[in-house]
Amino acid sequence: MSTNIFTRGMVDPERQACIQEVVPKAPLETKRDHIPFAKRGWRRLTEYEAVMLHAQNSLDAVPGSQEVGEVVQKWPGGRPNYGVESTAALSSNWFHFRDPSKRWFMPYVKQKNEEGQTAERAMKSWAEGGDAEMMNAAWREHILARHYGAFVYNEYGLFSAHSTTVYGGLSDLIKTWIAEAAFDKNDAGQMIQMQRVLLSKVFPGFDADLAEAKQAWTEDKSWKPAREFVEHIWAETYDWVEQLWAIHAVYDHIFGQFVRREFFQRLGGIHGDTLTPFIQNQALTYHLQARDGVTALCFKFLIEDEPVYAQHNRRYLRAWTGRYLPQVGRALKAFLAIYKEVPVKIDGVTCREGVRASVERVVDDWAARFAEPINFKFNRAAFIDDVLSGY
Amino acid sequence: MSANMAVKQALKANPVPSSVDPQEVHKWLQDFTWDFKGKTAKYPTKYEMDVNTREQFKLTAKEYARMESIKEERQYGTLLDGLDRLDAGNKVHPKWGEVMKLVSNFLETGEYGAIAGSALLWDTAQSPEQRNGYLAQVIDEIRHVNQTAYVNYYYGKHYYDPAGHTNMRQLRAINPLYPGVKRAFGEGFLAGDAVESSINLQLVGEACFTNPLIVSLTEWAAANGDEITPTVFLSIETDELRHMANGYQTIVSIMNNPETMKYLQTDLDNAFWTQHKFLTPFVGVALEYGSKYKVEPWAKSWNRWVYEDWAGIWLGRLQQFGVKTPKCLPDAKKDAVWAHHDLALLALALWPLTGIRMELPDSLAMEWFEANYPGWYNHYGKIYEEWRAAGFEDPKSGFCGALWLMERGHGIFVDHASGLPFCPSLAKSSIKPRFTEYNGKRYAFAEPYGERQWLLEPERYEFQNFFEQFEGWELSDLVKAAGGVRSDGKTLIAQPHLRDTDMWTLDDLKRINLTIPDPMKILNWQPVAQ
Ligand SMILES: [Fe+2]
Ligand SMILES: [Fe+2]
């Protein structure tokens with residue numbers, strides 16, 4: 001907007017000649033390692049670290065911070081931003097966390113853009129290539145319209161729960177990972193609705209409106225315990241590590257995995273629905289990245305690499321698991337009632353034994369990945385039996 | 001062009017049933033939420049944010065990623081392909097290449113604060129569309145941290161003096177200017193009521209200062225041989241329209257409750273003053289003192305963008321909600337002429353703590369300053385000439401501007417509201433210093449607007465300032481502790497000139513024999529008659 005005509009110093013020969021006169025003959029410094037003070041061991045910092053690590057300005061009360069003293073402006077009442085009291089977990093250096101996917105902004109949006117384009121193509125070929133007609137009508141009109149729609153609320157609620165975890169996250173690379181996991185949740189909810197909009201275009205009888213789905217989420221018994229978990233973690237849980245652990249390492253790795261993979265993906269297949277498995281596959285990928293992130297945060301960072309507080313953190317993780325596992329069990333148990341409404345029944349898949357195998361798959365994977373490393377003991381047989389009593 | 005439009009319109013009228021436009025998904029967002037017992041924000045606001053507020057840009061996550069990845073590709077392509085080949089890092093005038101060590105890093109702090117500030121709004125807002133918009137801003141601000149950081153990173157790899165570009169995230173801990181950024185951006189964007197944060201971040205920081213900052217910065221950069229900064233910052237700017245809209249929607253969402261709307265004017269006045277107190281002097285110093293080749297004087301750009309454009313047109317749009325121009329605007333306008341010259345004097349006086357190489361204005365620069373800021377020479381120019389003659393640049397001189405000032409009774413104090421240093425007896429900007437005692441502690445304030453913020457909520461501004469933190473430290477020890485030494489183990493990263501000869505070392509700094517004092521203790525702590 002400025003009307004100034006100015007000379008560009010890089011390309012103007014006269015100006016560049018003057019600049020070169022004051023540019024030193026040799027570089028004034030030979031070391032070009034970025035943020036050298038943050039180096040651990042021999043390894044150079046990666047680009048992922050260079051563009052974010054230690055960007056956070058925080059006082060030395062947050063271990064690992066570069067600054068001394070205090071923040072200048074605080075909350076009314078005197079609470080500082082980035083306060084260690086935001087979680088019961090303790091770390092000797094909050095800046096040691098790394099997201100195993102090493103996602104800074106550029107690779108993150110690049111990947112999501114590719115997923116978006118793949119989804120667009122998949123939807124197009126599904127709608128135009130004849131796949132659409134294979135879909136079981138009752139599955140579509142009942143399960144996808146009502147229950148798949150209800151899952152929008154699950155994703156949206158979990159996304160909402162992440163706001164304060166982004167705020168509370170105690171270092172730059174932690175905040176980055178959480179914000180990306182949250183964005184993925186928001187995306188997952190929107191993709192379900194995108195699919196429902198497409199269904200409404202291809203099948204005139206299908207309504208993209210969410211009223212029925214919302215009714216299922218807020219009123220159906222089969223969603224009630226799940227909804228209660230989401231509401232609790234969104235509005236009532238204040239510890240951000242507890243939230244992340246409960247969402248990604250407990251709830252989503254049991255209930256979420258079951259609903260997405262064992263139910264919608266697997267049963268979509270037997271109902272001639274090739275679209276839902278595709279869309280849910282992206283959500284599964286997001287969960288796997290979140291799973292790896294929460295593993296890195298809670299195990300590698302807060303326990304394995306933590307020299308002082310590992311035992312303390314392990315105790316908290318155990319306690320949090322004990323706090324949320326029963327509710328997650330109730331959520332899954334209630335959800336199994338949906339099998340009664342499934343239009344196509346196939347032996348070995350939708351029968352009790354088939355469902356048991358699905359539940360076991362999910363629970364065993366969870367136990368190996370998240371319970372055993374912290375010595376969390378639970379009665380596997382009783383847990384699974386109780387869940388199956390909802391079938 | 002028009003054929004394209006026709007196709008677009010036809011598609012809109014008869015959408016291909018095999019694809020879904022992002023807008024068709026976005027229009028359902030408001031239905032994504034549900035009511036439940038106990039549903040409140042964890043960070044509640046004193047305002048009331050309407051659950052039915054809409055958002056203007058209507059992006060879905062996937063559509064967002066599509067747009068942003070195109071921008072990223074372009075930007076990094078230019079940097080890593082185009083500019084690398086042109087050896088852009090070595091075409092920058094050193095004055096500018098040095099000041100970018102500070103500018104990029106300080107703005108990074110702002111982008112970082114904006115992540116948490118937007119997350120706060122995402123928590124507090126009840127409307128799903130608004131939350132979706134604030135979330136996009138959270139992710140944008142991560143982008144901007146990466147980008148501002150990338151400027152330092154790129155310079156660190158390609159510029160002839162990487163020191164400081166590589167480690168400003170450490171050096172800034174002892175920079176007396178840094179608490180100013182922390183106050184305005186690092187905390188002003190996020191430590192407080194979400195709506196107050198939104199006003200600081202979006203309504204003032206972004207809607208008011210983004211344009212003068214980015215437009216001016218990129219022009220001055222290019223004039224001084226830097227094409228790296230424009231490549232990155234013009235790309236950042238493309239996200240800012242959405243952020244300004246977020247700020248506007250924040251106000252729209254609270255306007256229905258007249259009970260709470262009464263806070264708005266006070267919050268706006270405070271936010272404007274808070275942001276102005278840092279941005280106006282800092283940007284002015286960077287542009288005019290960090291450049292060899294001058295563009296438009298900062299006071300002029302400021303007047304056009306802040307005074308006419310923002311205060312006139314932008315705030316005009318908010319008149320319907322009863323919002324008036326901040327009362328402090330005339331004083332801010334005066335500051336835009338002189339505050340950066342005041343701050344430059346202190347930055348030069350305290351050069352060893354800045355982490356960059358700086359030089360006193362040469363005769364050409366002095367002429368330009370006097371021509372554009374009549375009266376400049378008599379006030380500042382003469383001091384600089386005296387400093388030069390006393391050995392400002394000479395490593396063997398033992399000279400230090402800060403000592404020179406103190407010996408003449410010109411105390412340097414930290415303004416307890418903005419966190420920035422000021423010199424009451426030499427300032428030409430709109431200051432009205434006040435020195436006061438509260439609970440046994442002494443406080444200095446540069447002017448009443450800041451002091452009033454502190455008086456109303458002293459517990460929010462309880463901090464130890466630079467002098468209190470480092471009192472008793474010998475200067476060279478402090479610089480060493482903060483990583484301010486080059487890889488030879490003795491030469492300083494910061495320098496009071498731009499040459500590759502006669503560079504100052506730790507020993508030269510020791511020769512100054514300066515132990516950080518607390519001026520509130522050693523000088524007459526009420527130097528201005530009350
Ligand atoms: Fe930004
Ligand atoms: Fe922004």
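In the text below, chain A, chain B and the rest are named by the order of the sequence lines, each starting its count at 1. Computed from heavy atoms alone, side chains included, the values below leave out hydrogens, waters and symmetry copies.
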Tell me whether [X] contacts the main-chain N or O of [Y] through its side chain, where contact means a donor paired with an acceptor under 3.5 Å.
X         : Y         : answer
Arg460(B) : Gln73(A)  : no
Tyr112(B) : Asp172(A) : yes
Asn113(A) : Glu63(B)  : no
Asn167(B) : Ile35(A)  : no
Arg32(A)  : Gly156(B) : yes

Could you state the interatomic distance from [atom1] ([X]) to [atom2] ([Y]), rounded to the nearest 0.5 Å?
X         : Y         : atom1 : atom2 : value
Tyr167(A) : Leu190(B) : OH    : CG    : 4.5 Å
Ile70(B)  : Lys110(A) : CD1   : NZ    : 13.0 Å
Ile19(A)  : His93(B)  : CD1   : NE2   : 6.0 Å
Glu227(B) : Arg8(A)   : CD    : CZ    : 4.0 Å
Lys112(A) : Glu68(B)  : NZ    : CD    : 13.5 Å
Glu67(A)  : Ile174(B) : CD    : CD1   : 12.0 Å

Next item on the list: If the plane angle is over 60° it's perpendicular, under 30° parallel, otherwise tilted; pick one for Trp122(B) and Phe159(A).
Entry: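 The arrangement is parallel - the two ring planes meet at less than 30°.
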Next item on the list: Please work out which of the three classes, parallel, tilted or perpendicular, describes the rings of His34(A) and Tyr153(B), given edges at 30° and 60°.
Entry: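 Tyr153(B) and His34(A): perpendicular rings.
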Sub-4.5 Å side-chain heavy-atom contact between [X] and [Y]:
X         : Y         : result
Gln193(A) : Phe32(B)  : yes
Ser163(A) : Tyr134(B) : no
Asn146(B) : Met106(A) : no
Ser160(A) : Arg131(B) : yes
Ser18(B)  : Lys124(A) : yes
Trp28(B)  : Arg196(A) : no
Asn57(A)  : Phe185(B) : no

With a 3.5 Å cut-off and no angle check, do the side chains of [X] and [Y] form a donor-acceptor pair?
X         : Y         : answer
Ser487(B) : Glu29(A)  : yes
Asn132(B) : Gln190(A) : yes
Lys62(B)  : Gln282(A) : yes

Note to self: Using a 4.5 angstrom heavy-atom cutoff, name the option from Gln464(B), Arg486(B), Glu457(B) with the most pairs to chain A.
What the structure shows: Arg486(B)
Check: Asn186(A), Asp209(A), Thr176(A), Thr165(A): which one forms the most heavy-atom pairs within less than 4.5 Å of chain B?
Finding: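 Of Asn186(A), Asp209(A), Thr176(A), Thr165(A), Asp209(A) has the most heavy-atom pairs under 4.5 Å with chain B.
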Next item on the list: Check each of Asp500(B), Leu498(B), Asn90(B), Asp161(B) against Pro24(A) using the side-chain contact (heavy atoms from CB on, under 4.5 Å) test, and report the only one that passes.
Entry: Asp500(B)
Note to self: Between His232(A) and chain B, with a heavy-atom cut-off of 4.5 Å, which part of the residue counts as in contact: side chain, backbone, both or neither?
What the structure shows: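 Neither part.
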Next item on the list: Check whether Gln16(A) gets within reach of chain B through its side chain, its backbone, both or neither, counting any heavy atom under 4.5 Å.
Entry: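 It is the side chain, since no backbone atom gets that close.
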Check: Does the ring centre of Phe36(B) sit less than 6.0 Å away from the ring centre of Trp234(A)?
Finding: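 Yes, the ring of Trp234(A) comes within the 6.0 Å limit of the ring of Phe36(B), centre to centre.
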